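Structure, as structure tokens:
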Amino acid sequence: MVWIAMDPIPQPAPPRRRFQRGSLQKRKSRGCWHWIAFWWEDHRRRSQILGPCSEMSRPEALAAMAKRLEPVNAHAGEPIPRIWTLGDWIGDVFLPLSRRKWKLSTASTTGDRIRKHLITDLATLEIQAVSRDLLQQYLEQKAATGCSFSVVDHLRWDLRAIFRLAAQDGVLPTNPAELLFTPPTAALPSRRVLSAKQVPQILQVLDIREQLIVRLALFSGMRPGEILALLWKHVAEDHVEVVQRLYRGKLDRPKTERSKRTVALSASTGELLKAWRQQQGPVHPNAWVFPSARPTTPLGRDSAWRWFIAPKLQTVGLEWATFQIMRRTHASLSRQAGIDPKLVADQLGHGLGVNLDVYTVAALDRRQHAVEVLEASLVHPEPEYARAGIHGRDTSPIFL
């Protein structure tokens, strides 16, 4: 290993407390003249009446002022701790550090959310004065104004990360946002999925290119950015390699380490890919699978949806079936079909817990069947031979 010598980054010297002599002034107060001392403390100008001029000479007033400033001057030469506002801490410390690890998509979405909500609403608050109750009330106010559950929940994550960094840097003794919770009044997100009957309706109204995009989302569980970033060298007969993704017209790494994966294709999707390749004519391995009007650039997600997919889905009343709903449908229908959840999670490119808790929605008929079986087993237990299915009762596995 080769070590590269790097010069230390020069740091500006922190401001230090100055020795103060104070300012002695004679001012009229309460009908008579008084000696008043002025000085600076904690970034604020302080003052104190020392006594009436008729009873105290100037040397006596100077001595009284020096005695009053002794506690202040005892800390002369020490660094002055900065009084951070929440807006300054986010802009000067948190965002510059976070951008070094965030992907382009995270920097866009999270950065925009923090600037739109937290900086706009809380920028002037002194960070040392922020309490857990104040932050919880803020989340409740955002939920009451109609912000979605997702927005409020992400704001909670942002606040926890911001104040955790402040606690680690010694600006705060503890993290006041650590135990925040998302208010139950926040609007819950939609969990809609396509039914098995609606999937063929979508495929029938789409042209070959758009049908391929939808097939890769529905049957293979790919994200739209992963689909549109495919090159022909990534495509095989029975699988595609996800090694990059497209976000707002720019190539980026896959969303997570799990997202960099091999995605299986169905036989019909593989055949349709072959037909699409033949329709395009001779293509270079580094050519886009789904090019835009200019073959050197890929088709954009918004353009594909707005101009080519959504208008066709509107004709069958399924324009609500977004790419996210298609991925959720892939997970939910795979679960209903009895496919191993681990296989589905690997296909989608995330963990097993996310697959079951976030993407999978159990069908009502499956849940009703499960309830009937549970009630029958508890209220009307059957003989052992009947439970074994001798009388032809359905004993197929139940997937919730």
Side-chain angles (χ1 to χ4, degrees), residues 192-246 259 261-283 285 287-291 298-299 301 304-305 307-350 355 359-361 363 399:
R192 298 181 72 176
V193 296
L194 292 163
S195 67
K197 294 181 179 180
Q198 291 170 329
V199 172
Q201 296 177 8
I202 289 180
L203 299 179
Q204 289 172 2
V205 299
L206 295 176
D207 296 332
I208 181 171
R209 181 183 67 174
E210 290 73 39
Q211 185 180 153
L212 267 175
I213 294 173
V214 169
R215 278 177 166 271
L216 291 172
L218 267 173
F219 300 149
S220 298
M222 296 178 65
R223 300 177 178 89
E226 297 169 347
I227 297 171
L228 300 175
L230 286 175
L231 303 176
W232 281 113
K233 66 180 180 181
H234 301 147
V235 179
E237 292 184 1
D238 58 351
H239 69 273
V240 297
E241 296 289 341
V242 176
V243 297
Q244 60 187 12
R245 67 167 176 161
L246 191 69
S259 300
R261 66 198 188 279
T262 299
V263 177
L265 301 177
S266 64
S268 58
T269 301
E271 291 298 326
L272 201 62
L273 271 171
K274 289 182 181 178
W276 172 242
R277 186 166 188 168
Q278 292 174 358
Q279 182 175 322
Q280 287 189 293
V283 292
W288 301 105
V289 176
F290 302 106
L299 182 65
R301 167 182 171 165
W305 179 260
W307 302 111
F308 302 107
I309 299 178
K312 296 293 182 67
L313 299 189
Q314 192 171 7
T315 61
V316 291
L318 296 175
E319 65 278 2
W320 52 267
T322 62
F323 285 116
Q324 185 178 16
I325 289 176
M326 292 179 190
R327 272 173 61 84
R328 190 182 302 129
T329 299
H330 172 89
S332 301
L333 296 186
S334 297
R335 183 67 169 155
Q336 293 178 31
I339 300 174
D340 185 352
K342 175 60 177 172
L343 297 178
V344 180
D346 291 344
Q347 187 79 351
L348 291 170
H350 50 55
N355 174 45
Y359 283 91
T360 303
V361 179
F399 298 98

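Count residues from 1 along the sequence. What you see is a predicted model; the values in this text were computed from it and never measured.
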Can you tell me how far the [atom1] atom of [X] sits from the [atom2] atom of [Y], to the nearest 0.5 Å?
X: Glu241; Y: Thr262; atom1: CD; atom2: OG1; answer: 3.5 Å
X: Ser266; Y: Glu271; atom1: OG; atom2: CD; answer: 10.0 Å
X: Leu265; Y: Leu216; atom1: CG; atom2: CG; answer: 6.5 Å
X: Leu203; Y: Phe219; atom1: CG; atom2: CZ; answer: 5.0 Å
X: Phe323; Y: Leu218; atom1: CZ; atom2: CG; answer: 10.0 Å

**OP:** Establish, yes or no, whether the cationic atom of Arg209 lies under 6.0 Å from the six-membered ring centre of Phe308 and within 45° of the ring axis.
**Re:**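 Arg209 over Phe308 ring: yes.
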Original post:
Above 12 or not: heavy atoms from other molecules or residues under 6.0 Å from CH2 of Trp307?
Top reply: no
Original post:
What heavy-atom pair brings Leu299 and Ala304 nearest, and what distance separates the two atoms?
Top reply: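 Heavy atoms only, the tightest pair is CD2-CB, 3.6 Å.
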Original post:
Do you know the tightest heavy-atom contact between Ala321 and Ile202?
Top reply: CB-CD1, 4.3 Å
Original post:
Does Thr329 reach the main-chain N or O of Leu194 with its side chain, forming a donor-acceptor pair under 3.5 Å?
Top reply: yes
**OP:** Spell out, as yes or no, whether a donor-acceptor pair under 3.5 Å connects the side chain of Ser334 to the backbone of Ala331.
**Re:**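 Checked: no pair found.
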Original post:
For residues 326-347, which residue pairs qualify under ring pair (Phe, Tyr, Trp, His ring centres under 6.0 Å), counting only residues two or more places apart or in two chains?
Top reply: none
**OP:** Could you point out which residue of Glu226, Arg261, His234 forms a side chain to side chain contact (heavy atoms under 4.5 Å, CB included) with Val243?
**Re:** His234
